[in-house]
Amino acid sequence: MTLVAKIFNVLGWRRSMKPKTPAAALLEWYDVHRRALPWRAPAGGRADPYRVWLSEIMLQQTTVAAVGPYFEKFTTRWPHVAALAGARDEEILAAWAGLGYYARARNLVACARRLAADGFPESEEGWRALPGVGPYTAAAVAAIAYDLPATVVDSNVERVVARLMAIETPLPAAKPEIRAAAARLSPRERPGDYAQAMMDLGATICTPASPACGRCPLAPFCVARARGIAAGLPRRAPRLARPERVGAVFVARRKDGAALVRTRPARGLLGGMSEFPGSDWSDAPVGVEAAPLKLDWRAVGPVRHVFTHFALTLDVFVAEAPGTAKPPPRARWVAADALAREALPSLMRKVARLAGL
DNA sequence: GACACGTGGCG
DNA sequence: TCGCCAAGTGT
C-alpha cells in the first residue's frame, strides 16, 4: 500500500476509495496482510525463480507449516539449481523423507537437471513441459517469479471462486466452470501478487470449515455469503471408504548396531525409498514365515499408518542377527550411525522407533 | 474421469 | 477417535 493510501486509510477515508472489482479489493487487502514466507520476495522485490519453483513443488498437497523446515534444509544445502542438479538421487530422496508424495522428489531431480542444462523457461508453457510441473505449478511460477498474467487455480482458488460466484456444482465436475470464472477474475496487473493474495485469503480468511467472512475483503462481492451458504461451498462428491491392509515388517540388528534395510522399487508407493524388509501388504495377516532371515523373532507391537487410499497395520518383529549373517537379495546392512541418512519414509520411522532404533 | 500417490494437524 | 483437508501431478 502506498504511503498516501495508508494516510487515507488512517483518516478513515477508505470508503471513498472502495474498490470496484474483487481483484482490486483483494490486492488492497494483500498489501496490508500478506504473509512473510521464506520463498516469497519482500514487498515490491523480485522472487528467485529457483526458490519459487522448489517451494511450489514442496507445497503440492502439503501445508505451509510442513514445508517450512524442508525448504530451509534444501535451500541451505542446495542454494541454487546447479547444486541441486549435481546432488545424488539418494541424497535428495533422503532429504525429502517425511514430506510424502515421493514422486515429487524423483521429478524434482529430473527437473533440476533439465533446468541446470537448458536454463529456466520464461513462459507458462515452457514450465508446463517440465517433469512434476502441471497446470497449477506452471501458472504459479509464471505469475509469481515472472509476473506473467497466468490463471492460477489451486484448491484455495477453487474454494474462493466457488463461494464468490456461488457455484454449487460439486467438485471435481465444477473444475472447468471454476477455472473459467477464475480466469475472468484475474487482473492483468500484478498477477504474481494476485495469485499469492488468493492463496493467502484461502489459507487465512476463506478457510474450508468456518470462513471469517466478517474480515474478508471480498465479502461485498460474495454471492455465497449473501445467500448464507459460504461454509458449505465448494461441494464435493462423497469420498469412498478407505480399505484396510495388514502386513509384517522385520527389523534385524547385529551386535554392532547395524540394521537390515532394503530399497523399494523405483516407482509406485514409496518408490525408491528405504524400508525394513517385510511381507506384502494385503488383507490377510502374516507371521514370521515372511521374515527375510531365520532368526528368533520377537513381536514388539503393531504400527498404524494411514495413506491416502488405504490404512495399514504392520506387525513389527525384531531379532538379533549373528555378525556373519549375509543380507538377503536386495537388502543390505546399514550401520547405526548411517541410518539417519537413509531415505526412510514416516511409516518406516515409526517402525524404527518401535523397534528401539 | 478415475485412481494412485504421504503425511500431519485440526475440529 | 476419525474424517477432512493441504500451493497437484502422472497415468
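A, B, ... follow the sequence lines: proteins, then strands. Residue 1 opens every chain. A quick note: this is a predicted structure, and the numbers were derived from the prediction, not measured.
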Mind checking A:Ser55 for me? I need base, sugar-phosphate or nothing, with any heavy atom below 4.0 Å counting as a touch.
-> nothing
Pairwise P distance for C:dA7 and B:dC3, with rounding to whole Å = 23 Å
Of all of residues 187-199 of chain A, which get a heavy atom below 4.0 angstrom from DNA chain C, listed by number?
-> A:Met199
Side-chain donor-acceptor pairs under 3.5 Å in residues 324-340 of chain A, sequence neighbours left out?
residue  : atom : partner  : partner atom : Å
A:Arg332 : NH1  : A:Thr263 : OG1          : 2.9
A:Arg332 : NH2  : A:Glu342 : OE1          : 2.7
A:Arg332 : NH2  : A:Glu342 : OE2          : 3.3
A:Trp333 : NE1  : A:Ala325 : O            : 3.1

What residues in residues 113-133 of chain A put a non-hydrogen atom under 4.0 Å from any atom of DNA chain B?
-> none
Test: A:Arg245 cationic atom under 6.0 Å from A:Phe310 six-membered ring centre, within 45° of axis | yes
Determine the contact category for A:Leu270: base if any of its heavy atoms lies under 4.0 Å from a base atom, sugar-phosphate if only primed atoms, P, OP1 or OP2 are that close, otherwise nothing.
-> sugar-phosphate
A:Trp127 ring centre to A:Arg114 NZ or CZ under 6.0 Å, with the angle to the axis within 45°?
-> no
Residue mapping more 5' on DNA chain C - nearest nucleotide basis, A:Ala138 or A:Arg242 | A:Arg242
Restricting to pairs with a member in residues 285-305 of chain A, which pass salt bridge (Lys or Arg N to Asp or Glu O under 4.0 Å), not counting sequence neighbours?
-> A:Glu244-A:Arg304
Specify the residues of residues 139-165 of chain A, ordered by number, for which at least one heavy atom lies under 4.0 angstrom from an atom of DNA chain C.
-> A:Asp154, A:Ser155, A:Asn156, A:Arg159
Residues forming a side-chain contact (heavy atoms from CB on, under 4.5 Å) with A:Asn156, sequence neighbours excluded | A:Asp154, A:Arg159, A:Met199
Which nucleotide span of DNA chain C, 5' end to 3' end, has atoms closer than 4.0 Å to non-hydrogen atoms of chain A?
-> C:dC4 to C:dG10
Name the nucleic acid region contacted by A:Arg304, choosing base, sugar-phosphate or nothing; use a 4.0 angstrom heavy-atom cut-off, strictly under.
-> nothing
Any residue meeting salt bridge (Lys or Arg N to Asp or Glu O under 4.0 Å) with A:Arg227, in chain and number order, not counting sequence neighbours | A:Glu168
Dump the pairs, protein N or O against N or O of nucleotides 1-4 of chain B, anything under 3.5 Å, distances to one decimal.
none

Please test A:Arg40 against A:Gln196 for side-chain hydrogen bond (donor to acceptor under 3.5 Å, both in side chains), starting from the C-alpha separation and ending with a verdict.
-> CA-CA 9 Å; A:Arg40 229 171 229 187; A:Gln196 295 176 93; 2.9 Å; yes
Spacing of the C1' atoms in C:dA6 and B:dG1 (rounded, Å) = 22 Å
What pair of heavy atoms forms the shortest contact from A:Pro302 to A:Leu354, and how long is it?
-> O-CD2, 3.7 Å
Would you please classify the geometry between the A:Phe71 ring and the A:Trp39 ring as parallel, tilted or perpendicular, with 30° and 60° separating the classes?
-> perpendicular
Identify every side-chain donor-acceptor pair in residues 175-187 of chain A under 3.5 Å, counting partners at least two apart or on other chains, and give the distances.
residue  : atom : partner  : partner atom : Å
A:Lys175 : NZ   : A:Glu158 : OE2          : 2.7
A:Glu177 : OE1  : A:Thr169 : OG1          : 3.2
A:Ser186 : OG   : A:Ala182 : O            : 2.8

Selection: residues 275-284 of chain A, any non-hydrogen atom under 4.0 Å of DNA chain B | none
Quote, to the nearest angstrom, the P distance that separates C:dT9 from B:dG8.
-> 22 Å
CZ (A:Arg46) with more than 12 external heavy atoms under 6.0 Å | no
Are there any protein N/O atoms within less than 3.5 Å of an N/O atom in nucleotides 8-11 of chain B, and if so, which ones and at what distance?
residue : atom : partner  : partner atom : Å
B:dG8   : OP1  : A:Ser346 : OG           : 3.3

What about A:Trp297 and A:Phe250, are their ring centers closer than 6.0 Å?
-> yes
So what does A:Leu37 hit on the nucleic acid, given a heavy-atom distance under 4.0 Å: a base, only sugar-phosphate, or nothing?
-> base
Assess the pair A:Phe307 and A:His305: is the distance between their ring centroids shorter than 6.0 Å?
-> yes
May I ask you to say what A:Trp53 touches in the nucleic acid, namely base, sugar-phosphate or nothing, with a heavy-atom cut-off under 4.0 Å?
-> nothing
